[in-house]
**Q** 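Can you keep this structure in mind? I'll have questions shortly.
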There are 2 protein chains.
Amino acid sequence: MKHIAESTVRRLSLYLRFLEELEGQGRETISSEVLADSGGTTSAQVRKDLSFFGSFGKRGLGYSVTALAKRLREILGLGQPWQVVIIGAGKIGAALAQYRGFRARGFHVVGIFDSDPAKVGRTLDGVTVSDLAQLERELKQLKPQIAVLTVPADVAQELVQRLTKAGVRGILNFAPATLHAPDGVTVRSVNMALELEILSYALAHER
Amino acid sequence: MKHIAESTVRRLSLYLRFLEELEGQGRETISSEVLADSGGTTSAQVRKDLSFFGSFGKRGLGYSVTALAKRLREILGLGQPWQVVIIGAGKIGAALAQYRGFRARGFHVVGIFDSDPAKVGRTLDGVTVSDLAQLERELKQLKPQIAVLTVPADVAQELVQRLTKAGVRGILNFAPATLHAPDGVTVRSVNMALELEILSYALAHER
DNA sequence: CTAACTTTGTGAAGAATTTCACAAGCCCCC
DNA sequence: GGGGGCTTGTGAAATTCTTCACAAAGTTAG
């Protein structure tokens, strides 16, 4: 398949979220126009985004809410559950471990690791924090595809190596560091301070 | 000034982070090439990004680390401190309130609000949680420019209205909702589940 | 069954962003 | 003080992403 831009995938996720809301309300069909408003884009953009994957609509009527939601889940790889481990049981790691939004989307937290003896042994939402020293041993059992990194920046890269070697294919990084991973491993970074800085730029340059 | 793309601003932030590391190491100059590697981009991109704001380098030598860092701080609006309030003292809100990275960048958390009586009155990192019902009254004193929203999605839009009316100019939203704000108010959204979904897409479509 | 209306799917145009490539400027050494 | 070696700054080209605009297809009403 042709390469799909990240911005497109991001919008597909947004469409799906809105479609699931509509499903709950029992709505049957929706037009690209309404879907566009919900995601802050245009109807042409919605149709173009979807057209990369096929044609799911009925002219004159729009899209079937349930059929499109189902298709988007497939496209996004949400048809299957994913096993996720969280590395770092600090404030952010603990918050994420207990975040309902992950499980609701099929992301199952199967392990949490930390090197601080004071945190090892604690239980967060049914999962016990393991010693980071046991990472490799435990990952052999857990076989997670995805890891969430909430560790200090200076150890983040080293953990990418260890996780990659243990078979992890996707890493969501919250440490303020630019990470490098081998081919076949996808790393995404979320940097809260950076988001505030973009806001700062916007406020400083108003008008 | 010509409009600057968000992707450019994002990279400027990354350059600044790396420059500050170099400052700590006492390094004096740096080339666009090295700066590019640190942010996962190309030297041409670095030079183009900087060129929007002037020309700061010396040919044959590169950029002065301290001078460029200083200039980037100005460009990003980090020369001044920003007052920030956090709305929602749940897991994520509390974690952010205590996050050192914010203060280090000049973002000062001056208020935290929640509607849950069990949370009102607690102290997080020196700031006492206030009742959300008192939001308007307290914002008159605090005069924050920025708000961080960590509330359930169904009340997020309503809070955008209240915050905007109270003079907030920038909102960093963690609720999984698409928000609309009047002109002159910037909203940025961080959606952790969505980031995992983008990862899911990448893993599902490998090769 | 027909006509008026709605909405999709998609090439083509347009806009935005990134990459290329090279002249010009500056340093350093001899 | 001249030459070799780097590195910047920047138009132009290439690429990527978004918007336009419209034929085609389906719906609804009468």
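Proteins get letters first, then strands, A, B, ... in listed order; numbering begins at 1 in each.
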**Q** Round to the nearest Å and state the distance from Lys2(A) atom NZ to dC17(D) atom P.
**A**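 In whole Å, dC17(D) P and Lys2(A) NZ are 8 Å from each other.
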**Q** Taking 4.0 angstrom as the limit, do Glu21(B) and Arg17(B) come out as a salt bridge?
**A**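 Answer for the salt bridge query: no.
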**Q** Between residues 37-45 of chain A and DNA chain D, which residues have a heavy-atom gap below 4.0 Å?
**A**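 By residue number: Thr42(A), Ala44(A), Gln45(A).
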**Q** Applying salt bridge (Lys or Arg N to Asp or Glu O under 4.0 Å), name anything that partners Lys48(A), two or more places apart in sequence or on another chain.
**A**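 Scan of Lys48(A) (salt bridge (Lys or Arg N to Asp or Glu O under 4.0 Å), adjacent residues dropped) gives none.
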**Q** What's the NZ-C1' distance between Lys58(B) and dA24(C), to the nearest Å?
**A**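 Rounded to whole Å, this separation is 16 Å.
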**Q** Among dT7(D), dT8(C), dT10(D), which nucleotide has an atom closest to any side-chain atom of Arg47(B)?
**A**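 Shortest atom-to-atom distance from the side chain points to dT10(D).
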**Q** Kindly write out the residues that satisfy salt bridge (Lys or Arg N to Asp or Glu O under 4.0 Å) with Glu195(B), not counting sequence neighbours, or none if the list is empty.
**A**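 Partners of Glu195(B) by the salt bridge (Lys or Arg N to Asp or Glu O under 4.0 Å) criterion, ordered by chain and then number, come out as Arg10(A), Arg188(A).
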**Q** Taking the basic N atoms (NZ, or NE/NH1/NH2) and the acidic carboxylate oxygens, is any pair closer than 4.0 Å for Arg73(A) and Glu23(A)?
**A**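 Yes.
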**Q** Let me know the distance between CZ of Phe52(A) and C1' of dT8(C), rounded to the nearest Å.
**A**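 One finds 15 Å between C1' of dT8(C) and CZ of Phe52(A), rounded.
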**Q** What is the distance, to the nearest angstrom, from the CD atom on Glu33(A) to the C1' atom on dC5(C)?
**A**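 Checked: the CD to C1' distance equals 16 Å.
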**Q** Considering just the side-chain nitrogens and oxygens of Ser55(B), establish if one lies under 4.0 Å of OP1 or OP2 belonging to dG9(D).
**A**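 Yes, within the criterion.
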**Q** Would a line drawn from the ring center of Phe102(B) to the ring center of Tyr99(B) be shorter than 6.0 Å?
**A**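 That pair passes the under 6.0 Å test.
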**Q** Check whether any side-chain nitrogen or oxygen of Ser32(A) sits under 4.0 Å from OP1 or OP2 of dT8(C), and answer yes or no.
**A**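 Yes, such a contact exists.
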**Q** Provide, to the nearest angstrom, the distance between the CZ atom belonging to Phe53(A) and the P atom belonging to dT8(C).
**A**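 Those two atoms, CZ and P, are 18 Å apart.
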**Q** Expressed in angstrom and rounded to an integer, what is the separation of Leu35(B) atom CG from dC6(D) atom P?
**A**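 Computing the Leu35(B):CG to dC6(D):P distance gives 20 Å.
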**Q** Flag the pair Lys140(B) and Glu136(B) as a salt bridge only when some basic side-chain nitrogen lies within less than 4.0 angstrom of an acidic carboxylate oxygen.
**A**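 Result for this pair is no, no salt bridge flagged.
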**Q** Starting from P on dT10(D), measure out to CG on Asp49(B) and report it in whole angstrom.
**A**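 It works out to 14 Å between those atoms.
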**Q** Tell me whether Arg105(B) is salt-bridged to Glu20(B), with the criterion being a basic N under 4.0 Å from an acidic carboxylate O.
**A**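 Salt bridge present between Arg105(B) and Glu20(B).
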**Q** Just one of Val129(B), Thr150(B), Val148(B) clears the side chain to side chain contact (heavy atoms under 4.5 Å, CB included) bar with Ile112(B), so which one?
**A**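 Exactly one option meets the side chain to side chain contact (heavy atoms under 4.5 Å, CB included) with Ile112(B), and it is Val129(B).
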**Q** For Glu28(B), look at atom CD and say whether over 12 heavy atoms of other residues, nucleotides or ligands are found less than 6.0 Å away.
**A**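 For Glu28(B), atom CD is not crowded (no more than 12 foreign heavy atoms under 6.0 Å).
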**Q** Any Lys/Arg nitrogen of Arg137(A) or Asp131(A) sitting under 4.0 Å from an Asp/Glu carboxylate oxygen of the other?
**A**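 So Arg137(A) does not pair with Asp131(A) through a salt bridge.
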**Q** So which of residues 59-72 of chain A are in contact with DNA chain D, with a heavy-atom cut-off of under 4.0 Å?
**A**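 Close to the strand are Arg59(A).
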**Q** Tabulated below should be each protein N or O lying under 3.5 Å from an N or O of nucleotides 12-16 of chain D; please produce it.
**A**
none

**Q** Nearest-Å distance, CD (Glu28(B)) to P (dC27(C))?
**A**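 That distance rounds to 14 Å.
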**Q** Taking only residues two or more places apart in sequence, or in another chain, which ones meet Lys119(B) in a salt bridge (Lys or Arg N to Asp or Glu O under 4.0 Å)?
**A**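 Asp116(B).
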